[in-house]
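A note on names: the letters A, B, ... follow the listed sequences, proteins ahead of strands, and every chain is numbered from 1.
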Protein chains: 2
Amino acid sequence: MTVTREDGADNSISWQSIRDEMMARIRAQLYAPGELIPNEVDLAAEFGCARATVNRALRDLATSGFLDRRRKAGTRVREAPRRKATLTIPLTHVEVEASGARYAYRLLERKIEAPPPLVREKLRLSGRERLLHVSSLHLADDVPHMFENRWIVLDTVPEIEDVDLSKTSPNVWLVRQAPYTHGTMEFLAEAAGAAAKHLVCAPDDPVLTMLRVTWLDAQPITYARQSFSPSHRMRLEL
Amino acid sequence: MTVTREDGADNSISWQSIRDEMMARIRAQLYAPGELIPNEVDLAAEFGCARATVNRALRDLATSGFLDRRRKAGTRVREAPRRKATLTIPLTHVEVEASGARYAYRLLERKIEAPPPLVREKLRLSGRERLLHVSSLHLADDVPHMFENRWIVLDTVPEIEDVDLSKTSPNVWLVRQAPYTHGTMEFLAEAAGAAAKHLVCAPDDPVLTMLRVTWLDAQPITYARQSFSPSHRMRLEL
DNA sequence: GAGTGGTCTAGACCACTTG
DNA sequence: AAGTGGTCTAGACCACTCT
């Protein structure tokens with residue numbers, strides 16, 4: 001029941017305000033690192049709200065990595081907060097257009113072949129599967145922005161064999177038609193090498209490369225290797 | 001009230017099972033991209049549970065980027081799911097030890113100075129502030145793993161001036177004693193340059209560099225530039 | 001104005017874990 | 001065995017936004 005004053009003003013407390021107050025106490029080391037904080041019932045009494053409201057606030061702080069919660073053991077302040085950086089994976093055309101540039105896409109090559117050893121290993125394939133191998137270039141204001149080399153497992157997403165990839169980039173199609181359940185991503189620095197001629201740079205210029213493998217449950221979908229033009233930076237919010 | 005069968009078995013439905021069922025329907029395009037899905041009251045009736053349970057499930061899917069929810073307008077399936085990669089920011093010593101190697105840390109230089117122009121800009125400083133400038137090397141099994149160059153704003157965290165940084169790395173101290181409220185992180189590829197002699201590689205070897213700026217509300221805390229040894233890869237889970 | 005999601009409450013039972 | 005967090009329910013009111 002919402003508590004109401006005689007004048008009719010709503011008196012209930014939001015879970016966000018409790019989260020903020022608890023966060024402030026953690027920052028001020030009012031609850032020291034490693035220490036138990038009061039349990040939900042006591043905090044609810046202190047804040048004058050329902051236990052569920054305290055629960056929502058503390059669950060949020062636990063998800064954010066500031067608290068450690070365990071049944072019976074109680075809630076502790078983490079010694080070293082587990083901070084997370086979130087990278088909202090951009091669709092290349094969205095990213096380019098967000099920067100104010102005009103986006104263009106060029107299909108460079110498209111063929112069906114067996115996976116080379118590296119790809120076989122990443123996708124845990126036997127080697128006999130038919131893969132769609134696509135390389136493409138993405139441009140911002142006609143300047144090369146990213147070169148992509150991608151292998152797509154046709155057993156998992158057979159429909160893509162009939163898609164006109166000169167108009168739709170494989171990533172755009174996959175995002176809409178074949179959402180993955182999980183995957184991994186890696187960043188590394190390497191010499192541009194074979195990508196240099198597409199990115200219009202020297203073969204030994206350092207470029208940022210992003211590797212992605214995605215899965216639909218136990219089935220591999222795609223392995224993508226994207227190399228960005230030398231000046232590119234990948235930005236994350238903390 | 002928990003619904004109970006005559007035989008006493010608990011009949012209530014978990015929010016996770018509702019989330020999974022709705023996710024399955026989205027994948028199967030049973031709810032098409034861009035389309036409205038039923039409202040919470042109707043779904044609660046369908047699943048035979050309270051509206052709050054449906055709310056929890058749908059809120060989770062919205063946070064994950066699969067649904068778009070707006071009051072009055074209802075809940076829609078996102079055309080292109082806003083997928084996120086999460087990088088749990090590792091403490092270097094934890095990361096190294098997790099890989100099974102022995103971690104070591106060496107303080108290379110420590111001095112108090114005014115910020116150079118680049119740092120001044122990143123931290124939005126006037127240029128007259130006193131900054132603690134620390135460079136250090138982090139090793140895995142005695143092999144150089146990461147070279148760090150860091151500036152710390154003493155006006156924001158004066159206590160660090162008295163810390164013995166030959167034993168505690170600045171990052172470890174900051175994480176425990178001065179949690180930031182927000183910040184940014186950037187990845188780029190560059191030639192090792194001056195870091196080469198510390199990383200034991202050639203000056204023109206490509207290395208992955210991570211830039212970090214963190215804030216305590218409006219006050220800048222630190223700017224760090226970390227270059228990883230050439231073979232290093234940064235891995236994220238999707 | 002009205003429909004939909006966002007949140008709060010009070011109470012209950014459950015699940016996990018620790019002592 | 002018992003304490004603590006995790007979750008569900010039924011009901012209520014509110015906030016936002018679309019028409």
Side-chain angles (χ1 to χ4, degrees), chain A residues 1-22 26 31 34-78 82, chain B residues 1-22 26 31 34-78 82:
Chain A
M1 177 183 58
T2 301
V3 177
T4 305
R5 290 208 209 97
E6 284 173 25
D7 63 5
D10 191 331
N11 203 20
S12 60
I13 288 184
S14 72
W15 68 267
Q16 292 97 332
S17 71
I18 293 177
R19 176 198 57 198
D20 294 347
E21 169 63 21
M22 296 302 287
I26 294 168
Y31 301 133
E35 284 308 297
L36 274 178
I37 70 173
N39 68 31
E40 295 188 347
V41 173
D42 292 349
L43 286 171
E46 182 196 333
F47 289 115
C49 68
R51 180 166 78 94
T53 309
V54 171
N55 179 276
R56 178 90 188 259
L58 298 187
R59 228 180 339 105
D60 188 74
L61 288 174
T63 304
S64 307
F66 294 102
L67 294 177
D68 230 349
R69 318 195 75 199
R70 286 155 73 192
R71 287 161 165 161
K72 164 75 182 178
T75 300
R76 288 174 187 281
V77 178
R78 285 188 91 97
R82 175 173 40 79
Chain B
M1 182 181 57
T2 301
V3 177
T4 305
R5 291 206 208 97
E6 285 171 25
D7 62 6
D10 191 328
N11 204 20
S12 61
I13 287 183
S14 72
W15 67 267
Q16 291 96 333
S17 71
I18 293 177
R19 177 199 56 197
D20 294 348
E21 168 63 19
M22 295 302 287
I26 294 168
Y31 301 132
E35 283 308 297
L36 274 177
I37 71 173
N39 68 32
E40 295 187 346
V41 173
D42 291 350
L43 286 170
E46 182 195 332
F47 289 116
C49 67
R51 180 167 79 93
T53 308
V54 171
N55 179 277
R56 177 92 188 259
L58 298 188
R59 228 180 337 108
D60 188 75
L61 289 174
T63 304
S64 307
F66 293 103
L67 294 177
D68 229 350
R69 318 196 74 197
R70 288 156 72 194
R71 288 163 165 163
K72 164 73 181 177
T75 300
R76 288 174 188 281
V77 178
R78 283 188 92 96
R82 176 173 38 78

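A straight line from CZ of B/Phe47 to P of D/dT7 spans 18 Å, rounded to a whole angstrom. Atom-to-atom, CD of A/Glu40 to P of C/dA10 comes out at 15 Å; the value is rounded to the nearest Å. Nucleotide D/dT7 holds its P atom 13 Å from the CD1 atom of B/Ile18, rounded to whole Å. Atom CG in B/Leu61 sits about 14 Å away from atom P in C/dG5, given to the nearest Å. In this structure, CG of B/Leu36 is placed 12 Å from C1' of C/dG3, rounded to the nearest angstrom. In this structure, A/Asp42 places its CG atom 8 Å from P of D/dT4, rounding to the nearest Å. Atom CD1 in B/Ile13 sits roughly 17 Å away from atom P in C/dC14 (whole-Å rounding). What separates CG of B/Leu67 from C1' of C/dG6 is a distance of 15 Å, to the nearest Å.
For D/dG6, neither phosphate oxygen OP1 nor OP2 lies less than 4.0 angstrom from any side-chain nitrogen or oxygen of B/Gln16. OP1 and OP2 of D/dT7 both lie 4.0 Å or more from every side-chain N or O belonging to B/Thr53. Between A/Ser12 and C/dT9 there is no side-chain N or O to OP1 or OP2 distance below 4.0 Å. In terms of phosphate contacts, B/Arg51 brings no side-chain nitrogen or oxygen within less than 4.0 Å of OP1 or OP2 of D/dA10. Residue B/Asn39 places at least one side-chain N or O closer than 4.0 Å to OP1 or OP2 of C/dT4. Within the structure, a side-chain polar atom (N or O) of A/Asn55 is placed less than 4.0 Å from OP1 or OP2 of D/dG6.
Atoms CD and CD1, from B/Glu21 and B/Ile26 in turn, are 10.5 Å apart once rounded to the nearest 0.5 Å. In this structure, A/Ser12 OG and A/Phe47 CZ are separated by 14.5 Å, a value rounded to the nearest 0.5 Å. Here A/Thr53 contributes atom OG1 and A/Arg19 contributes atom CZ; the two are 13.5 Å apart, rounded to the nearest 0.5 Å. Atoms CG and NZ, from A/Asn39 and A/Lys72 in turn, are 11.5 Å apart once rounded to the nearest 0.5 Å.
A salt bridge links A/Asp68 to A/Arg78: at least one charged side-chain nitrogen sits closer than 4.0 Å to a carboxylate oxygen.
Residues A/Ala50 and B/Leu58 each lie close to DNA chain C; by heavy-atom proximity, the contact nearer the 5' end of the strand is made by B/Leu58.
Inter-residue side-chain proximity for A/Glu46 and A/Asp42 is flagged as unmet; no heavy-atom pair is nearer than 4.5 Å.
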Could you pull out every donor-acceptor pair under 3.5 Å between side chains of residues 57-67 of chain B and any protein atom, sequence neighbours left out?
{"unit_1": "B/Arg59", "atom_1": "NE", "unit_2": "B/Asn55", "atom_2": "OD1", "d": "3.0"}
{"unit_1": "B/Thr63", "atom_1": "OG1", "unit_2": "B/Arg59", "atom_2": "O", "d": "2.9"}
{"unit_1": "B/Ser64", "atom_1": "OG", "unit_2": "B/Asp60", "atom_2": "O", "d": "2.9"}

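Checked by distance alone, A/Arg56 brings no side-chain donor or acceptor within 3.5 Å of a matching partner on the base of D/dT7.
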Check nucleotides 17-19 of chain D for protein N or O atoms closer than 3.5 Å to its own N or O atoms and list the pairs.
{"unit_1": "D/dC18", "atom_1": "OP1", "unit_2": "B/Arg70", "atom_2": "NH2", "d": "2.3"}

